[in-house]
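The structure under discussion appears below in the form of C-alpha cells.
Keep in mind it's a predicted model, so treat the numbers as computed, not measured.
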Amino acid sequence: MESEKNLKLKMESPQWHYSMLVDEERVSVFHEAIIDTVKKDDLVFDLGTGSGVLAMFAAKSAKKVYAIELDPITAYYTDKNIKGNGFENIKLVEADASEYSFKDKNGNPEKADVIIAEMLDTALITEPQVPVLNEIHKKGLLKDEGTLIPESVYNTAQVVDCRTNHIYYDEEVISKPASDEKLYSRINFYNINDPKVSYNIEFTLLNDCNNAGLRLNTYTKLKDGLIAGATPMLNPPLIVPLNKPLKKGTYTFKISYIMGGDFENVKLSLE
C-alpha cells in the first residue's frame with residue numbers, strides 16, 4: 001500500500017497490521033510525537049515495531065534505530081519496508097523486546113535517548129506494554145534524561161447497559177451509558193508498574209440497567225500537550241459485563257486484571 005499521509009512511505013504488512021496502518025488518527029498522533037521528540041544523533045529503540053512505520057518516522061532524524069519485533073511473519077514485512085524505503089540507520093531485530101540485549105558493534109551495552117513502545121490496548125490488558133517496559137527499566141536501558149513515547153495512559157470507567165454477556169469492544173453500536181465517566185487510574189511508563197491491579201470505583205446509576213457493566217476507556221499521553229483518545233485501532237472502548245441487572249442508585253464496583261495478561265484475568269464484581 002502507499003500511505004500518502006505517512007511521509008509517503010511505501011508499506012506492506014500482514015492483514016492484522018493493515019488496519020493499524022490505515023488508522024490515520026493513530027498514525028498521525030505518533031508521528032507528531034516522534035518528529036517533535038527525536039533529535040539528530042539520538043539512539044532510538046522501537047519496541048514491538050510491527051510494520052516498522054514508527055521506526056521509520058524516528059529514523060528520519062535519529063542516528064540509529066533498533067526496531068524490535070517478536071513475530072517472524074510481521075518481521076518479514078518489516079524488513080521489506082525498511083529496505084524498500086531506503087533506511088540504512090534502522091537495525092531490525094526479531095526478538096522479544098523484554099529479553100534482547102542492546103549492544104553496539106563492539107559488544108558494549110547501549111542505552112536509548114528515546115524509546116517508542118506502542119504495545120497498547122484498552123486499560124493495557126491484553127498487550128505487553130507494562131511487562132516489557134518494566135524489564136527495560138530494570139536493565140537501565142533508557143538514559144537518565146531519556147524520553148518515552150508514550151509517557152503514560154489515563155484509564156476511565158463508566159457504567160453502561162451491556163449488549164452481551166461477554167467482554168467486547170464497544171464499537172459500531174454504542175452501549176447506553178448509565179453513569180458519569182470516572183478516572184480510576186494513571187499508569188506512568190517511567191515507573192516500574194505492578195501488572196496486577198485492582199480498583200474499587202463508586203458510581204451513581206442514573207437509570208436502571210438490564211445488564212450492568214463497565215465501559216473502560218484509555219487516553220494516551222504521548223508527550224506534554226499531546227493526548228490521544230480512542231481511535232479504531234488505538235484503545236477502542238472495552239465493555240466488561242457484570243451480568244446482572246441493577247436499579248438506580250449508588251454502587252461500588254470492584255475490577256481487577258493483569259496488565260499484559262488476557263481477558264480471562266478480568267474480574268468484575270460489586271463490593
Side-chain angles (χ1 to χ4, degrees), residues 1-120 127-129 132-133 135-136 141-143 146-150 222-223 231 233-234:
M1 61 166 286
E2 173 74 19
S3 178
E4 294 182 355
K5 294 184 181 180
N6 298 341
L7 299 184
K8 298 190 181 298
L9 297 173
K10 296 178 180 179
M11 302 294 292
E12 295 184 45
S13 70
Q15 184 59 44
W16 59 90
H17 277 282
Y18 177 81
S19 297
M20 290 189 281
L21 281 172
V22 297
D23 185 343
E24 291 290 350
E25 186 176 352
R26 169 190 171 272
V27 174
S28 295
V29 73
F30 271 90
H31 176 243
E32 181 178 347
I34 290 167
I35 63 171
D36 284 351
T37 302
V38 177
K39 299 177 178 61
K40 183 180 178 182
D41 295 328
D42 275 355
L43 176 61
V44 178
F45 299 167
D46 181 24
L47 311 180
T49 192
S51 65
V53 64
L54 304 186
M56 286 184 272
F57 290 162
K60 289 285 185 176
S61 300
K63 180 178 181 181
K64 180 180 180 181
V65 178
Y66 281 92
I68 312 297
E69 176 55 49
L70 178 61
D71 179 66
I73 297 174
T74 301
Y76 165 79
Y77 286 97
T78 311
D79 185 55
K80 292 182 67 175
N81 291 336
I82 292 169
K83 292 176 179 176
N85 286 285
F87 287 96
E88 298 181 355
N89 59 337
I90 300 177
K91 179 179 180 178
L92 174 63
V93 180
E94 186 182 317
D96 185 331
S98 65
E99 298 176 356
Y100 183 69
S101 297
F102 295 85
K103 295 181 179 179
D104 64 19
K105 60 184 179 181
N106 297 318
N108 299 313
E110 293 192 287
K111 294 185 178 184
D113 297 286
V114 179
I115 292 179
I116 303 164
E118 204 289 67
M119 296 171 286
L120 300 169
E127 291 288 337
Q129 181 88 356
V132 169
L133 288 178
E135 290 303 311
I136 293 295
L141 295 177
L142 180 67
K143 291 181 181 179
T147 302
L148 290 173
I149 302 174
L222 292 99
K223 61 187 292 291
T231 76
M233 295 304 296
L234 179 65

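- The nearest pair of heavy atoms linking A75 to E94 is CB-OE1, 4.1 Å.
- A donor-acceptor pair is defined here as one N or O able to donate and one able to accept, closer than 3.5 Å; no such pair exists between the side chain of D79 and the backbone of L92.
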Starting from the C-alpha separation in whole Å, work towards a yes-or-no answer on side-chain contact (heavy atoms from CB on, under 4.5 Å) for N81 and S51.
-> CA-CA 7 Å; N81 291 336; S51 65; 4.1 Å; yes
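- Taking CG from N89 and CD1 from I82, the interatomic distance works out to 9.5 Å, rounded to the nearest 0.5 Å.
- Nearest heavy-atom pair across A33 and L222 is CB-CB, 3.8 Å.
- Heavy atoms only, all atoms of each residue included: L70 and D96 are closest at CD1-N, 3.8 Å.
- In this structure the side chain of L133 reaches within 4.5 angstrom of the side chain of L47, judged on heavy atoms.
- With values rounded to the nearest 0.5 angstrom, E69 atom CD is found 15.0 Å from Y76 atom OH.
- A distance of 11.0 Å separates CD of E24 from NE2 of H31, quoted to the nearest 0.5 Å.
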Start with the C-alpha gap between I35 and K60, add the side-chain angles, then the distance that decides, and say whether side-chain contact (heavy atoms from CB on, under 4.5 Å) holds.
-> CA-CA 8 Å; I35 63 171; K60 289 285 185 176; over 6 Å; no
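- Annotation for V44 and A58: closest pair CG1-CB, 4.1 Å, computed over non-hydrogen atoms.
- Take E127 and apply the salt bridge (charged side-chain N to carboxylate O under 4.0 Å, His left out) test, not counting sequence neighbours, and it matches no residue.
- For the side-chain contact (heavy atoms from CB on, under 4.5 Å) test with L120, the passing option among M233, Q129, R26 is Q129; the others fail.
- The line from CG of D46 to CD1 of I116 is 5.0 Å long, rounded to the nearest 0.5 Å.
- Among residues two or more places apart in sequence or in another chain, the side chain to side chain donor-acceptor pair (under 3.5 Å) test is passed with T231 by D23.
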Evaluate side-chain contact (heavy atoms from CB on, under 4.5 Å) for L43 paired with D113, printing each intermediate quantity in order.
-> CA-CA 5 Å; L43 176 61; D113 297 286; 3.7 Å; yes
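- In terms of modelled atom types and a separation under 3.5 Å, the side chain of N106 and the main chain of N108 share no donor-acceptor contact.
- I68 CD1 to M119 CE: the interatomic distance, rounded to the nearest 0.5 Å, is 10.5 Å.
- The distance from the NZ atom of K111 to the CG atom of L141 is 8.0 Å, given to the nearest 0.5 Å.
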Check the pair V38 / F57 against side-chain contact (heavy atoms from CB on, under 4.5 Å), numbers first and verdict last.
-> CA-CA 9 Å; V38 177; F57 290 162; over 6 Å; no
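- With hydrogens and angles ignored, the 3.5 Å screen pairs a side-chain donor or acceptor of T78 with a backbone N or O of G50.
- No side-chain donor-acceptor contact under 3.5 Å links N85 to the backbone of F87.
- Of all the heavy atoms in L142 and A112, the pair that sits closest is CD1-O, 3.6 Å.
- Minimum heavy-atom separation, A97 to I136: O-CD1, 4.0 Å.
- Between the side chain of D41 and the backbone N or O of K63, no donor-acceptor pair lies under 3.5 Å.
- The aromatic rings of F45 and F102 sit parallel to each other, their planes meeting at less than 30°, with 60° as the upper class boundary.
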